[in-house]
Amino acid sequence: QLQLAESGGGLVQPGGSLRLSCAVSGFTKDYVAIGWFRQAPGKEREVVSCITSTGGATNYAHSVKGRFTISRDNAKNTVYLQMSSLKADDTAVYYCAVFDDLAVQAECTMISIDYWGPGTQVTVSS
């Protein structure tokens, strides 16, 4: 069974850093593209970043470019989101989801998403 599991969230001060992990298991393909989303209370879910199945291409939302870095270690079946220079506006529940390689090339635009993890809370506060 396909499973996605996020970890690494928590409370951090503004300007601090966190690394989120997305563990992927049970998919029929060897590797899949992965995207990170976030959703704050009262706001729509928005894409943060995405990465192809090989890690050869990545994309980022303008609001996080230069601060966040997405990467993957396929030997561990894990995708990471390194977050630095965190701001209060970054506070949200962060989710990872199965993407398509072509969607990564198209600025992380997906028509529909079928597989999500349960999410991990990130809170940026003094």
Side-chain angles (χ1 to χ4, degrees):
Q1 295 294 118
L2 175 65
Q3 293 184 346
L4 305 175
E6 303 94 340
S7 62
L11 176 64
V12 64
Q13 294 182 333
S17 299
L18 283 174
R19 188 179 74 164
L20 305 184
S21 298
C22 175
V24 183
S25 63
F27 209 58
T28 56
K29 297 175 63 177
D30 289 340
Y31 309 108
V32 293
I34 294 291
W36 283 98
F37 291 78
R38 66 186 182 187
Q39 187 169 27
K43 295 185 177 180
E44 295 291 325
R45 185 174 295 178
E46 62 177 351
V47 67
V48 176
S49 183
C50 56
I51 187 169
T52 55
S53 58
T54 65
T58 61
N59 263 308
Y60 299 88
H62 292 299
S63 60
V64 306
K65 187 174 295 185
R67 299 188 298 119
F68 291 10
T69 301
I70 191 169
S71 63
R72 67 189 303 150
D73 185 345
N74 283 345
K76 298 180 178 179
N77 296 314
T78 302
V79 174
Y80 303 99
L81 185 68
Q82 178 66 50
M83 306 184 296
S84 301
S85 301
L86 284 164
K87 308 172 182 178
D89 288 346
D90 296 318
T91 296
V93 177
Y94 283 71
Y95 304 87
C96 62
V98 174
F99 255 62
D100 183 84
D101 281 327
L102 293 178
V104 176
Q105 307 296 332
E107 301 180 347
C108 304
T109 301
M110 286 282 288
I111 298 175
S112 63
I113 297 175
D114 297 323
Y115 303 101
W116 299 84
T120 185
Q121 176 71 48
V122 172
T123 302
V124 184
S125 176
S126 299

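For this chain, numbers begin at 1 and follow the sequence in order.
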Hydrophobic cluster membership, F99 vs V24, 4.5 Å side-chain cutoff: no
Connected hydrophobic set around L102, excluding itself, where side chains approach under 4.5 Å: none
Cluster check L81, L4: I/L/V/M/F/W/Y, side chain < 4.5 angstrom: yes
R67 side, atom CZ; S85 side, atom OG - distance, nearest 0.5 Å: 7.0 Å
Candidate pair V122 and T91, rule side chain to side chain contact (heavy atoms under 4.5 Å, CB included), full reasoning: CA-CA 5 Å; V122 172; T91 296; 5.9 Å; no
Residues in side-chain contact (heavy atoms from CB on, under 4.5 Å) contact with P14, at least two apart in sequence or another chain: V124, S126
hydrophobic_cluster_shared for Y95 and V32, side chain cutoff 4.5 Å: no
ring-ring contact (aromatic ring centres under 6.0 Å, His included): pairs with one or both residues in residues 43-82, sequence neighbours excluded: none
Nearest non-hydrogen partners of R72 and A33, listed with the distance: NH1-CA, 4.1 Å
ring-ring contact (aromatic ring centres under 6.0 Å, His included) pairs, two or more places apart, involving residues 1-35: none
Sequence neighbours excluded, every pair satisfying ring-ring contact (aromatic ring centres under 6.0 Å, His included) that has a member inside residues 107-126: F37-W116
Residues that T123 engages under side-chain hydrogen bond (donor to acceptor under 3.5 Å, both in side chains), provided they are two or more places apart: Q121
By side-chain hydrogen bond (donor to acceptor under 3.5 Å, both in side chains) - contacts of D73 (at least two apart): none
Residues in side-chain hydrogen bond (donor to acceptor under 3.5 Å, both in side chains) contact with Q82, at least two apart in sequence or another chain: none
4.5 Å side-chain heavy-atom contact, L11 and S125: yes
Side-chain donor/acceptor pairs under 3.5 Å, residues 48-56, sequence neighbours excluded:
| residue | atom | partner | partner atom | Å |
| --- | --- | --- | --- | --- |
| S49 | OG | N59 | O | 2.8 |
| T52 | OG1 | G55 | N | 3.4 |
| T52 | OG1 | G56 | N | 3.1 |
| T52 | OG1 | A57 | N | 3.2 |
| S53 | OG | D101 | OD1 | 3.4 |
| S53 | OG | D101 | OD2 | 3.0 |
| T54 | OG1 | G56 | N | 3.2 |

Spatial distance of atom CZ (R19) from atom OG (S17) [nearest 0.5 Å]: 12.0 Å
Pair listing, disulfide (SG to SG under 2.5 Å) test, anchored in residues 59-107, at least two apart: C22-C96
Linked, directly or transitively: V98 and V104 (ILVMFWY side chains, under 4.5 Å): no
Qualifying residue, where the test is side-chain contact (heavy atoms from CB on, under 4.5 Å) with Y94 and the options are E6, M83, Q39: M83
Distance in Å, S112 OG paired with D100 CG, rounded so as to fall on 0.5 Å steps: 10.0 Å
Salt bridge (Lys or Arg N to Asp or Glu O under 4.0 Å): pairs with one or both residues in residues 33-49, sequence neighbours excluded: R38-E46, R38-D90
same_hphob_cluster(V47, V64) at 4.5 Å side-chain heavy-atom cutoff: no
